[in-house]
Structure formats: structure tokens, C-alpha cells
Amino acid sequence: MVDDSRTRPRPTRTTTATATPRPGLRGRLGDALFRGVAGPDGPESRRHVHGTPGPRWFAPDRPIRVVHGDASMFPGGLAALLLQSLHPLAMTAVADHSDYRNDPWGRLARTSTFLAYTTYGAADDAQRAVDRVRAVHEHIRGHTPEGEPYHAADPHLLAWVHSAEAYCFLTAHQRYGKHPLNAAAQDAYVTDMARVATAMGIENPPRTVRELRARLNSYRPELRLTPQTREAVHYILLRPPLPKPALPPYLLLGAAAASLLPPWSRAQLGLPVLPRTERWCVAPAGAAVTALIRYLLPPPPQRRA
């Protein structure tokens with residue numbers, strides 16, 4: 001929910017060599033995209049994540065690795081931000097303690113690095129990433145403009161953020177992923193995510209798709225559109241800090257992300273539901289942009305034995 005530059009394990013000295021730029025237009029665009037998402041230390045962190053020997057939380061064939069390694073995480077991540085913003089306590093915590101307006105790329109890099117370590121990294125590094133985030137959350141407290149108290153370490157609030165992420169990541173993968181999961185693998189993905197949620201201090205996280213949907217629905221009485229939510233949605237969908245050439249594909253990606261949300265949340269956010277437009281325009285455009293991202297991004301380095 002709230003991130004900090006201290007949430008990422010530092011790469012070891014053996015992994016900090018400068019990455020060799022890939023040749024050609026595809027290589028340059030892909031490297032620039034990766035650094036935008038993962039930050040300037042992204043290549044070094046990536047080598048550390050994949051190259052550090054030792055046991056992992058998740059085996060190579062686990063669904064969480066398939067989902068989190070696909071370009072569908074781009075629309076899925078945007079959808080998660082939109083959905084999470086509907087909870088006034090979570091949104092106020094982000095607005096008060098995160099500089100997402102002035103440093104969106106830093107926030108994105110820290111979030112993507114956390115996902116990389118917990119999904120692919122050595123178990124010790126994954127646990128350290130979780131411990132750092134939990135330590136930051138302990139200090140995040142305050143009140144909403146209406147006077148409601150919040151604490152970022154509250155397991156109930158963390159469960160909302162976790163459930164929104166799991167739902168949006170999985171929904172995006174099923175619609176835009178290169179290898180959609182069957183029903184059993186979808187449940188297994190939610191179970192994998194529960195492993196991370198438990199480490200984060202979340203009590204009884206959902207472990208099946210059915211439980212995940214039920215958990216999201218259980219929060220509906222707490223959700224509402226606040227001025228902070230409206231500002232965040234406008235920022236995410238219409239005013240991203242991007243150069244002009246990147247705006248058209250991003251806006252298409254944003255539309256694709258919005259189409260992934262549960263219908264009830266779209267109504268609360270004031271986002272239109274246009275089934276024919278989404279089927280014939282938004283979905284193909286979202287698939288095309290996601291495929292382009294998949295084509296541009298560099299492949300992960302080989303893991304050492």
C-alpha cells in the first residue's frame with residue numbers, strides 16, 4: 001500500500017555491473033521501458049533476483065511466476081490502482097504518505113521490485129523485502145478528512161489491497177496474458193498469492209478464485225468515491241507523466257485496465273460500461289499494446305544453479 005526506497009534488498013557487489021544496452025530500436029525501446037518500470041537499478045536488481053542461488057518461495061512451474069512474468073501485469077497493475085483507490089482509508093494513506101504525484105516512477109519501481117523479489121527471488125531476499133515493507137507500514141498512521149483513523153499495518157486494510165491486486169493481476173492475465181490459466185491454475189495462483197499475504201501479516205487470505213471474489217464483495221459497504229479517489233483516477237487515466245509519443249498507447253492501456261474492473265466498482269468510480277465498444281475496440285487495443293510491451297521487454301537473465 002505504502003512504499004519506500006528502503007523496501008528493496010540491495011544487490012550484491014557481484015550483480016552491480018552496468019547492463020549492456022541491447023542493439024537496435026527494439027532493444028533501446030525495451031531497455032528504456034524496463035528502466036521506467038524497474039528504476040535505474042532495475043537491471044542490477046533483476047540479475048540479483050534471478051541470479052542469487054538458494055531456495056525460492058515458489059517453484060518454477062507455479063502459476064504466480066507465469067502471471068507476474070507476463071506483460072499483462074501492465075494493465076493489471078493499473079486496474080489494481082484504480083480498484084484500491086475506492087477504499088477511503090487506503091487512498092488517504094497513499095495520498096498522505098506517498099509522493100505518487102511527483103514521483104510515480106519511483107513508486108512503480110519499488111512496487112515492481114517488491115513483486116520481483118517475492119515471486120522469483122531467493123527466500124531470504126523475499127522475506128527481507130516483506131520485512132522492510134512491514135516496518136514502513138508500522139509508522140503509517142493518520143486520519144481521513146472525515147476523521148476516520150487508519151493504520152497501514154491494519155490486516156483488514158492490507159487484505160483489501162492484497163485482494164484487489166490478486167483479482168486485477170489474474171483478470172488481466174486471463175484476458176491479455178500469453179498463456180491464460182485453466183480453472184485449477186487460477187485457484188493455484190490465488191493460493192500462491194496467499195503465501196505472500198500471510199508473510200505480510202494478512203489473516204486468512206483467500207485461496208481460491210471464489211474466495212477472492214467473495215472477499216472483494218465483503219468490502220463493498222466500506223468503499224466510496226472520495227475527492228482523493230477522483231483525483232487519483234484522473235491522474236492515472238488522463239494525466240500520466242509521460243512524453244507525448246507514449247500517451248496514445250498508455251491511454252489505450254488505461255482503457256483496457258478500466259475494463260478489467262468489477263462492474264460495481266466501475267459504477268462507483270464513474271467509469272462508463274460500454275460492452276460493444278469494449279469488445280470491439282478496447283479489448284483488441286489492449287491486447288495489441290500488451291503484445292507490444294511483451295515484444296519490447298528484455299528476457300529475464302538465466303538463473304544460476
Side-chain angles (χ1 to χ4, degrees), residues 1-5 8 19 21-22 24-43 45-46 68-85 91 94-95 98-116 164-165 168-169 172-173 175-177 227-261 266 269-272 277-278 281-298:
M1 174 169 38
V2 179
D3 58 290
D4 183 271
S5 59
R8 71 175 86 176
R22 293 186 298 157
L25 180 61
R26 175 187 178 185
R28 292 194 299 272
L29 291 175
D31 289 345
L33 176 61
F34 177 75
R35 282 183 168 81
V37 173
D41 295 332
S45 294
R46 197 181 204 200
H68 292 181
D70 191 85
S72 60
M73 287 290 284
F74 281 73
L78 290 177
L81 293 176
L82 295 171
L83 185 56
Q84 290 167 354
S85 72
M91 187 64 245
V94 171
S98 170
D99 195 20
Y100 79 89
R101 301 175 191 84
N102 296 320
D103 186 27
W105 296 113
R107 177 175 172 79
L108 176 60
R110 291 186 286 273
T111 301
S112 65
T113 302
F114 175 81
L115 287 171
E165 286 184 348
C168 291
F169 293 167
H173 187 80
R175 188 171 302 180
Y176 299 119
Q228 291 173 322
T229 300
R230 189 178 292 109
E231 180 184 356
V233 170
H234 190 262
Y235 180 85
I236 292 169
L237 293 180
L238 300 177
R239 293 192 295 109
L242 293 170
K244 288 184 179 180
L247 280 177
Y250 177 89
L251 295 177
L252 292 175
L253 204 64
S259 72
L260 299 171
L261 299 174
R266 295 174 65 179
L269 290 168
L271 300 175
T277 300
E278 290 175 9
C281 298
V282 175
V289 175
T290 303
L292 176 62
I293 293 171
R294 187 180 297 117
Y295 172 76
L296 292 176
L297 284 176

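The first residue of the sequence shown is numbered 1, and numbering continues consecutively from there. Predicted, not measured: the structure shown is a model, and the values here were computed from it.
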Novice: Can you check whether A283's main-chain N or O pairs, donor with acceptor, with R175's side chain at less than 3.5 Å?
Specialist: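 Looks like no, no N/O pair under 3.5 Å.
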
Novice: For the residue pair R107 and V94, establish whether any side-chain heavy-atom pair is separated by less than 4.5 Å.
Specialist: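 Yes, at least one pair of side-chain atoms sits under 4.5 Å.
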
Novice: Step by step, work out the side chain to side chain contact (heavy atoms under 4.5 Å, CB included) result for L78 and L260.
Specialist: CA-CA 10 Å; L78 290 177; L260 299 171; over 6 Å; no

Novice: Within the 4.5 Å heavy-atom criterion, are C168 and L83 side-chain neighbours or not?
Specialist: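 The answer is yes, as the side chains (C-beta and beyond) meet within the 4.5 Å cut-off.
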
Novice: Measure from the side-chain N and O atoms of T229 to the backbone N and O of S85, and report whether any donor-acceptor pair falls under 3.5 Å.
Specialist: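 Yes: the side chain of T229 pairs with the backbone of S85.
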
Novice: In Å, rounded to the nearest 0.5 Å, how long is the span from CZ of F169 to CG of L115?
Specialist: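 Result: 5.5 Å between the selected atoms.
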
Novice: For A95 and Q228, which heavy atoms make the closest approach, and how far apart are they?
Specialist: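 Here A95 and Q228 meet closest at CB-NE2, 3.7 Å.
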
Novice: Report the distance from atom CG of L253 to atom CG of L247, rounding to the nearest 0.5 Å.
Specialist: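 It is 12.5 Å, given to the nearest 0.5 Å.
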
Novice: Which heavy atom in T290 sits nearest to a heavy atom in P75, and how many Å separate them?
Specialist: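 In this case the closest contact between T290 and P75 is OG1-CG, 3.9 Å.
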
Novice: What pair of heavy atoms forms the shortest contact from P43 to R35, and how long is it?
Specialist: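 For P43 versus R35, the nearest heavy atoms are CG-NH2, 3.5 Å.
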
Novice: Assess whether side chain to side chain contact (heavy atoms under 4.5 Å, CB included) is satisfied between T113 and D41, documenting all intermediate values.
Specialist: CA-CA 10 Å; T113 302; D41 295 332; over 6 Å; no

Novice: Can you check side chain to side chain contact (heavy atoms under 4.5 Å, CB included) on V233 and L81, steps first, answer last?
Specialist: CA-CA 8 Å; V233 170; L81 293 176; over 6 Å; no

Novice: Let me confirm one number: the CD-CE distance from E165 to M73, rounded to the nearest 0.5 Å.
Specialist: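 Here the rounded value is 8.0 Å.
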
Novice: Atom CG of L237 and atom OH of Y250: how far apart are they, to the nearest 0.5 Å?
Specialist: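 Reported to 0.5 Å precision, the distance equals 6.5 Å.
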
Novice: Apply side chain to side chain contact (heavy atoms under 4.5 Å, CB included) to I293 and Y176, showing your working.
Specialist: CA-CA 11 Å; I293 293 171; Y176 299 119; over 6 Å; no

Novice: Can you name the closest pair of heavy atoms from A164 and Q84 and give their distance?
Specialist: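 The pair with the smallest heavy-atom distance is CB-CG, 3.6 Å.
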
Novice: For the atom pair CG (D31) and CZ (R26), what is the distance rounded to the nearest 0.5 Å?
Specialist: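 Taking CG in D31 and CZ in R26, the distance rounds to 11.0 Å.
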
Novice: Which atom pair, heavy atoms only, marks the closest approach of S112 to V37?
Specialist: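 Heavy atoms of S112 and V37 come nearest at OG-O, 3.1 Å.
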
Novice: Quick check: closest heavy atoms across G30 and L297, and the distance to 0.1 Å?
Specialist: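 That closest heavy-atom pairing would be O-CD2, 4.2 Å.
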
